[in-house]
Amino acid sequence: MFKRGIRKFLSMDKRMLLFIGVFTGIILSVVTVKGLAYTDSPEFCGSCHIMNNVHDSFANSTHAELSCSDCHLPHDTLINKYTNKAKAGIGHVYYNTLGEDKIPQVLHPTENTQEVVNQNCIDCHQSTLDNVSHDAKDSCSSCHQAIPHGNDFKTEDYFKPAKSGELLENKGGTMNNG
Amino acid sequence: GAKEETAANEAKTGLSADEISNEAFKDLFPLQYDSYLKNEEMEDTKYSGSEKRSKFDHDKEPYLPILFNGYGFATEYNEDRGHIYALEDVREIARITDKSVGSCLTCKSTAVPHMIEEMGDDYWGGNFNEEIWPKAESMGHSPIGCSDCHDPETMDLRVTRPSFIKGMEAQGIDMSNPTKNDMRNYVCGQCHVEYYFAADNSEVTYPWDNGFKPEDMYEYYETVAKENGFNQDWIHNVSGTPILKAQHPDFETHMTGPHGEAGVTCSDCHMPYERADGKKKISSHHWQSPLKTMEQSCATCHSNRDLDELEERVMDIQETHMEALHKAEDVSITSHYYVNKMITSGVSENKIKAAQEHVRKGQWFWDIVAAESAAGFHNPQGAMDTLKMSSEESFAAIKLATEELVKKGVNIEELDKEIEKVKKAVYEEVDNFKKKDLATNDYFPAQQPK
Amino acid sequence: GAKEETAANEAKTGLSADEISNEAFKDLFPLQYDSYLKNEEMEDTKYSGSEKRSKFDHDKEPYLPILFNGYGFATEYNEDRGHIYALEDVREIARITDKSVGSCLTCKSTAVPHMIEEMGDDYWGGNFNEEIWPKAESMGHSPIGCSDCHDPETMDLRVTRPSFIKGMEAQGIDMSNPTKNDMRNYVCGQCHVEYYFAADNSEVTYPWDNGFKPEDMYEYYETVAKENGFNQDWIHNVSGTPILKAQHPDFETHMTGPHGEAGVTCSDCHMPYERADGKKKISSHHWQSPLKTMEQSCATCHSNRDLDELEERVMDIQETHMEALHKAEDVSITSHYYVNKMITSGVSENKIKAAQEHVRKGQWFWDIVAAESAAGFHNPQGAMDTLKMSSEESFAAIKLATEELVKKGVNIEELDKEIEKVKKAVYEEVDNFKKKDLATNDYFPAQQPK
Ligand SMILES: [Ca+2]
Ligand SMILES: [Ca+2]
């Protein structure tokens with residue numbers, strides 16, 4: 001969908017291999033049921049500052065009760081789930097360390113994400129879909145543009161007078177979309 | 001590091017409240033300063049961009065030397081470019097003459113707010129070359145700089161041009177407590193607006209009492225401005241009409257367009273958040289065409305759209321717009337020459353006046369659109385509506401003229417042919433500075449009072 | 001229940017492939033059928049809505065009896081309303097005369113596809129009153145019904161009017177494999193489109209070879225249509241001009257507007273999913289103004305907008321649009337009367353022809369906009385561009401006429417006064433059917449060939 005979207009995952013350099021190792025290590029070492037559950041949670045995903053915006057928009061949405069992985073990971077098989085998670089997770093860790101200069105300016109869902117998420121919408125909402133032919137467009141997001149992220153393209157904060165000194169405080173930009 | 005300053009509300013930069021040099025901000029805000037330096041870059045887009053090119057170029061608006069005949073804009077008028085060039089460009093433009101006033105510096109230099117404070121009303125009317133420019137130089141000014149939009153002590157956004165606040169309040173807008181979102185429009189609205197110089201003291205004044213639409217501003221010029229002694233910017237050299245020159249109403253157009261009405265601001269598109277050193281996000285301080293940064297500028301909101309398709313949509317809007325603009329300009333040209341012919345054919349004064357009223361209005365309506373910077377994108381329907389009014393007014397002048405000219409026995413076919421000739425001559429002249437001289441000739445003698 | 005049918009691809013309704021009665025679908029699809037019955041409701045919005053009101057009403061387009069003079073549309077023309085009234089309305093309208101052809105039934109009755117199959121080309125030209133209507137009645141037709149858009153056996157969406165497929169293919173659009181999203185436009189595009197009756201066999205034909213824009217269609221009429229013998233819908237009774245009547249180009253306007261270009265479809269806004277019996281969701285089958293259902297029609301996509309503000313934005317767009325439309329109509333009226341005066345003043349044939357060319361074009365460009373149903377919303381910039389072209393063409397006619405009339409010694413001031421008189425008479429006449437008779441008089445004699 002995003003022809004300009006950066007498909008960096010495929011073009012990662014050799015340092016990636018290191019990270020595959022490291023990340024898999026992390027996953028394996030915390031493979032307790034609890035640990036895995038934690039890595040599904042909004043708190044874990046939101047712990048990366050780059051995830052702030054999506055976390056906030058999610059937390060205010062009709063879907064706030066869910067966990068990120070309910071939408072973002074496949075649920076057909078456990079293996080599929082964790083392979084995907086490791087793959088994406090490796091990507092995220094990589095970008096937050098060595099690959100910072102390659103992080104896209106604006107976060108875009110990859111094609112894989114779109115497919116996975118869409119399938120999850122369908123799985124949860126099968127009854128609605130049985131009810132009414134609901135597959136007119138490429139994806140659920142073509143109409144449900146703001147579920148669960150993106151409702152309000154600006155936070156309420158923008159519609160209040162600025163707090164003095166605010167910009168100075170954020171001169172290096174910690175608040176802006178992560 | 002950012003961490004230290006995050007302390008509290010009392011955070012201060014340590015800079016003087018009077019600081020007007022951009023360089024003073026460099027060490028404190030290296031990322032924004034670096035971004036600002038990128039305003040030096042010059043790259044064109046299809047209809048806009050940052051190369052210093054003449055507006056008279058064949059792919060822009062080649063007939064402006066006719067349409068602005070008798071005014072500085074017929075001599076030299078260029079595509080605008082980065083903020084960093086503002087001083088260089090105002091210094092070099094042939095529109096600045098020995099009679100130019102201080103007001104011309106108002107939107108170019110960081111020294112202006114201090115000069116207004118110091119000199120009061122004498123700033124506006126002060127002689128540009130003799131007094132104002134040397135003074136600003138001696139104050140160590142910068143071209144459009146940090147202090148124009150930020151309080152140097154706190155970096156809070158602020159409005160530094162009093163004309164803006166006056167203009168807004170005249171429309172009944174409460175300026176006492178603007179939101180953050182408002183300020184992201186207002187800092188730009190200080191300069192990217194239609195203005196005129198007040199008749200009495202040359203003060204930069206915004207004609208907004210009745211609203212932001214071109215017809216609202218026209219109404220203002222016909223009433224309030226006239227009552228205060230301002231009738232025109234110049235007398236047109238082809239038609240002898242008292243003309244209003246329109247200037248860059250980006251703010252007004254945007255506010256009444258689909259994005260402005262939806263609460264989107266200039267800064268959202270023209271200062272998108274960008275990753276500056278690969279990690280930190282800052283507001284881009286490289287003010288340029290958002291078509292060069294669509295991912296940052298548009299995708300934040302239009303994430304569900306394919307960006308290539310969205311760009312194509314912008315191109316569609318702009319193409320439709322530019323074609324209509326050129327047509328409206330053409331009708332306006334005809335109206336000027338028809339009135340010229342009325343004058344030389346001895347048509348009665350009151351008929352000429354009546355035709356000139358329409359010419360004036362016709363010119364206002366296309367010029368306020370042409371002066372706007374986004375080739376229609378800031379308000380597609382609104383701009384087209386204005387162009388439609390322009391054509392209707394110009395045609396009303398042509399119709400009236402036709403009636404009187406035929407009565408005087410003028411051959412209309414010949415008149416039309418002479419107009420084509422004059423247009424061709426202007427179009428084909430390669431020296432931009434000479435074009436304006438070809439707009440009048442023996443058949444169409446100059447009408448400007450000497 | 002629907003559940004049983006969702007089983008597999010081979011799911012069948014059990015209905016006959018030839019079913020054309022809505023009532024046959026009632027028990028199988030009670031929710032959609034109930035929704036369909038709501039098309040009986042009549043409620044107006046500011047510029048549209050479902051009350052059967054005359055288009056000549058003072059708050060609509062009161063001068064249409066002048067603009068359509070000499071044609072059925074000057075006699076009776078109403079605001080459209082729910083699909084369920086289609087048969088009643090076509091039956092009662094005074095535009096149907098003893099000479100009307102079968103083609104008039106094409107977009108009203110479910111019997112049409114079968115009649116075309118059975119009768120071939122004889123359907124189009126068959127006499128409406130004598131042959132086509134009685135035959136459709138005897139077949140047990142419904143007003144715009146399920147079978148027009150659905151295959152009765154599978155409920156798959158389908159196109160049942162061959163003219164649509166021909167029109168699309170003539171523009172080079174591949175119709176062999178439309179997506180579901182396409183079909184959500186196409187089912188409406190069968191009927192909500194500009195058309196004319198082919199000269200040879202009266203076949204309903206869509207003028208789309210060169211594109212969907214009004215100027216593309218005009219180009220088509222001047223070339224392809226003329227080559228095939230179609231020159232006009234009628235000769236205007238005021239100006240004697242051969243005129244093209246424009247009809248409901250909702251599809252064309254939408255496809256070239258901001259929503260259409262973004263892949264949004266008619267059904268998204270006009271058939272939003274709604275909760276039907278407090279539980280099940282269906283596609284609304286109550287085709288009406290989406291301003292009555294903004295929560296379902298708009299909020300899904302524009303969930304980040306305040307709906308009241310969004311509605312206000314629509315109102316803004318529509319108001320700007322309608323004002324411009326009225327102005328363009330007014331200029332067109334003047335052009336008709338000026339040409340009338342040319343004829344009665346003995347101006348040469350070729351000058352009259354030249355002026356009529358402009359009148360024809362001017363009328364086409366406002367009419368294609370006026371005939372569109374969303375008061376500009378389906379394409380705000382595009383519609384305004386078209387209105388601008390309309391004014392420019394009408395003015396060109398007026399200018400040409402002025403020149404010739406003055407040469408003939410006609411008093412233009414008097415002419416203008418007579419036009420105002422005639423407009424006032426039409427406006428003030430209370431009997432809608434008599435309005436058209438007041439558009440011509442002794443000063444402006446009728447020009448239509450008897
Ligand atoms: Ca520029
Ligand atoms: Ca209606």
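Source: prediction; values computed, not measured. Computed from heavy atoms alone, side chains included, the values below leave out hydrogens, waters and symmetry copies.
Taking each heavy atom of C:Cys301 and A:Ser142 in turn, the nearest pair found is SG-O, 4.1 Å. In this structure, C:Asn181 and A:Lys137 approach most closely via the heavy-atom pair OD1-NZ, 2.6 Å. Here the closest heavy-atom approach between residue A:Ala136 and residue C:Lys180 is recorded as O-CB, 4.1 Å.
At a 4.5 Å heavy-atom cutoff, C:Asp182 makes no contact with chain A through either its backbone or its side chain. With a 4.5 Å cut-off on non-hydrogen atoms, C:Thr179 does not touch chain A at all.
With a 4.5 Å cut-off on side-chain heavy atoms, C:Asn304 and A:Gln145 do not count as touching.
By the neighbour-count criterion of 12 heavy atoms within 6.0 Å, atom CD of A:Gln126 is densely surrounded, having more than that number from other residues, nucleotides or ligands. Within a 6.0 Å sphere centred on NZ of C:Lys26, heavy atoms belonging to other residues, nucleotides or ligands number 12 at most.
Side chain of C:Lys281 to backbone of A:His134: no donor-acceptor contact under 3.5 angstrom is found.
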